[in-house]
2 protein chains.
Amino acid sequence: MQQLKYSRQRESIKNFLMTRKDHPTADVVYTNVRKEYPNISLGTVYRNLSLLSERGEIMKISTGDGPDRFDGNPLPHYHFICKKCESVMDLEMESIDEINEKANANFNGIVEGHMAYFYGCCENCKPN
Amino acid sequence: MQQLKYSRQRESIKNFLMTRKDHPTADVVYTNVRKEYPNISLGTVYRNLSLLSERGEIMKISTGDGPDRFDGNPLPHYHFICKKCESVMDLEMESIDEINEKANANFNGIVEGHMAYFYGCCENCKPN
DNA sequence: TTAATAATAGTAATGATTACTATTTTATTA
DNA sequence: TAATAAAATAGTAATCATTACTATTATTAA
């Protein structure tokens, strides 16, 4: 890995992400960081989001539908995606790491981990 | 949902998918179905793959990295993605549906299901 | 058989993301 | 502090996967 140099733009991107609980897309990060750095380019946003998630400082969430989203909290946790409003939110739940062992049981390779998210209907979209 | 009309192209796409265990991309489906229908267009392949997966006849696999893949077997099962060779393979494992309850436990919305895949090193890429 | 409508081929457009490059910032060292 | 090296940037172009558009063709129902 090449050595890292400080950049104000990267710091601003990370700070912005940490203020948000809604896991914004790169584009939303871009429009917001532009308030502080009007000349920042979308490429810089993407490059830094990739860089930060590779280094484990933020988390990238691929929903399999629509653009990637980013979470300023890199600690392991799961996400819920509402099928109606498409919002993405954090779940507080006990560990499900035992599913790795289940996956490994009849498998000849090596299962190192998993990717998972949950979907359904969020509180706001729920009919009363 | 609008009414469905038979098409030879759709049948060929589905037949091709059922002969494969490697979960090909739309592009791979395209190049193969073209052997039978040289004039088929990529748009037709995409449209039918979407249509078939919406109707539950095939399964769409979003890897969050690279193009989507398709599985001719629509019955619920999980996939493993090799981080080295990027191949996608089926896993035979016991149910992990209990994770839905775990996700629901402290959640105010309604968890209807989950999406999950496993990753690591496949048998072929494993150092001996 | 005709009429309706769904599906197609071919092409253009879109959206998200990455690549390129000349310039500017940051960090190191004389 | 000034000079240098290296990394990051802005701005733009390019790429990739996928979807949209439209005139024509195929399928199905009457």
Side-chain angles (χ1 to χ4, degrees), chain A residues 1-17 22-55 57-71 81 86 88, chain B residues 1-17 22-55 57-71 81 86-88 117:
Chain A
M1 212 192 284
Q2 93 180 334
Q3 119 144 38
L4 198 67
K5 251 172 198 173
Y6 171 84
S7 99
R8 293 173 280 168
Q9 289 88 334
R10 185 187 307 130
E11 187 178 53
S12 176
I13 288 167
K14 194 178 175 194
N15 285 342
F16 170 70
L17 266 189
D22 66 343
H23 316 98
T25 61
D27 211 64
V28 171
V29 174
Y30 174 57
T31 48
N32 279 277
V33 173
R34 247 202 313 188
K35 291 168 189 165
E36 193 179 1
Y37 294 100
N39 293 327
I40 197 172
S41 76
L42 189 53
T44 297
V45 172
Y46 271 104
R47 185 166 21 74
N48 280 297
L49 288 172
S50 296
L51 202 155
L52 288 167
S53 73
E54 271 167 31
R55 307 183 91 245
E57 298 188 40
I58 66 173
M59 199 190 293
K60 178 165 133 178
I61 309 167
S62 295
T63 65
D65 182 74
D68 290 343
R69 289 163 164 269
F70 297 88
D71 187 339
I81 302 177
E86 302 205 275
V88 177
Chain B
M1 211 191 283
Q2 94 180 330
Q3 117 142 37
L4 200 66
K5 252 172 199 174
Y6 172 84
S7 100
R8 294 172 281 170
Q9 290 89 334
R10 185 187 308 132
E11 186 177 53
S12 177
I13 288 167
K14 193 177 176 194
N15 284 342
F16 170 71
L17 265 188
D22 66 344
H23 315 99
T25 61
D27 212 64
V28 171
V29 174
Y30 175 57
T31 50
N32 279 276
V33 173
R34 237 179 350 165
K35 291 168 188 164
E36 193 180 359
Y37 294 100
N39 292 326
I40 197 172
S41 77
L42 188 53
T44 296
V45 172
Y46 271 104
R47 185 163 23 73
N48 280 296
L49 287 172
S50 295
L51 203 154
L52 288 167
S53 73
E54 270 167 32
R55 308 183 92 244
E57 299 188 40
I58 66 173
M59 200 190 294
K60 177 164 134 177
I61 309 167
S62 294
T63 66
D65 183 74
D68 290 341
R69 290 163 165 270
F70 297 89
D71 187 338
I81 302 177
E86 302 204 275
S87 62
V88 178
Y117 62 78

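Letters go in sequence order (proteins before strands), and every chain restarts at 1. Values reported hereafter were calculated over all heavy atoms of this structure, with side chains retained and with hydrogens, waters and symmetry mates removed. Every value quoted in this text rests on a predicted model; they were computed, and no experiment measured them.
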Q | Closest to the A/Pro67 side chain, choosing from D/dG11, C/dT17, D/dT18 | A | C/dT17
Q. What is the distance from CD of B/Glu54 to P of C/dA7, rounded to the nearest Å?
A. 12 Å
Q. Base, sugar-phosphate alone, or nothing: which one does B/Asp68 contact when heavy atoms must sit under 4.0 Å apart?
A. sugar-phosphate
Q. Any side-chain N or O of A/Tyr46 under 4.0 Å from OP1/OP2 of C/dT17?
A. yes
Q: Could you say whether B/Phe70 or A/Gln9 is positioned toward the 5' end of DNA chain D, judged by the nucleotide with the nearest heavy atom to each?
A: A/Gln9
Q) Nearest heavy-atom pair of B/Thr44 and B/Ile13: which atoms, and what distance? A) O-CD1, 4.2 Å
Q.
Please evaluate residues B/Glu36 and B/Ser12 with respect to the criterion side chain to side chain donor-acceptor pair (under 3.5 Å), reporting the C-alpha separation (whole Å), side-chain torsions for both, the decisive distance (0.1 Å), and the verdict.
A. CA-CA 8 Å; B/Glu36 193 180 359; B/Ser12 177; 2.8 Å; yes
Q: Using a cut-off of strictly less than 4.0 Å, decide whether B/Thr44 has a side-chain nitrogen or oxygen near OP1 or OP2 of C/dA9.
A: yes
(Q) For a quick test of reading the model: is some side-chain N or O of B/Asn48 closer than 4.0 Å to OP1 or OP2 of C/dT8? (A) yes
Q. Is a side-chain N or O of A/Arg10 found less than 3.5 angstrom from the main chain of A/Asn48, in a donor-acceptor match?
A. no
**Q.** Side-chain N or O of A/Gln3 closer than 4.0 Å to phosphate OP1/OP2 of C/dT26
**A.** no
Q: For the side chain of A/Tyr6, starting at C-beta, report the closest nucleotide among D/dT18, C/dA27, D/dT27.
A: C/dA27
**Q.** Phosphate OP1/OP2 of C/dA6 contacted by B/Arg10 side-chain N/O (<4.0 Å)
**A.** no
Q) To the side chain of B/Leu4, which of C/dA7, D/dA17, D/dA26 is closest? A) C/dA7
Q. In whole angstroms, how far is the P atom of C/dA16 from the CD1 atom of A/Ile61?
A. 16 Å
Q) Rounding to a whole Å, what distance do you find between A/Arg69:CZ and C/dA16:P? A) 11 Å
Q) Side chain of A/Lys5, base of D/dA8: donor and acceptor closer than 3.5 Å? A) no
Q. Do A/Ser50 and A/Arg47 have side-chain N/O donor and acceptor atoms under 3.5 Å apart?
A. no
Q) Quick one: A/Leu49 CG to C/dT18 P, roughly how many Å, whole number? A) 10 Å
Q.
Any heavy-atom pair between the side chains of A/Asp65 and A/Glu86 that's under 4.5 Å?
A. yes
Q: Whole angstrom is fine here: how far is it from CZ in B/Arg8 over to P in D/dA26?
A: 7 Å
Q) Reckon B/Leu42 touches a base, only the sugar-phosphate, or nothing at all at heavy-atom distances under 4.0 Å? A) base
Q: Quickly work out the B/Glu11 CD to D/dA26 C1' distance and round it to whole Å.
A: 14 Å
Q: Please report, rounded to the nearest Å, how far the P atom of D/dA8 is from the CG atom of A/Leu52.
A: 11 Å
Q. If you take all heavy atoms of A/Pro67 and A/Thr63, which pair is closest and at what distance?
A. O-OG1, 4.2 Å
(Q) Can you tell me if A/Ser7 touches the phosphate of D/dA8, counting only side-chain N or O atoms and a distance under 4.0 Å to OP1 or OP2? (A) no
Q: Can you tell me the distance, in whole Å, between the CG atom of B/Leu51 and the P atom of D/dT19?
A: 12 Å
Q: Tell me which of A/Gly43 and A/Arg47 sits closer to the 5' end of DNA chain D, going by the nucleotide each one is nearest to.
A: A/Arg47
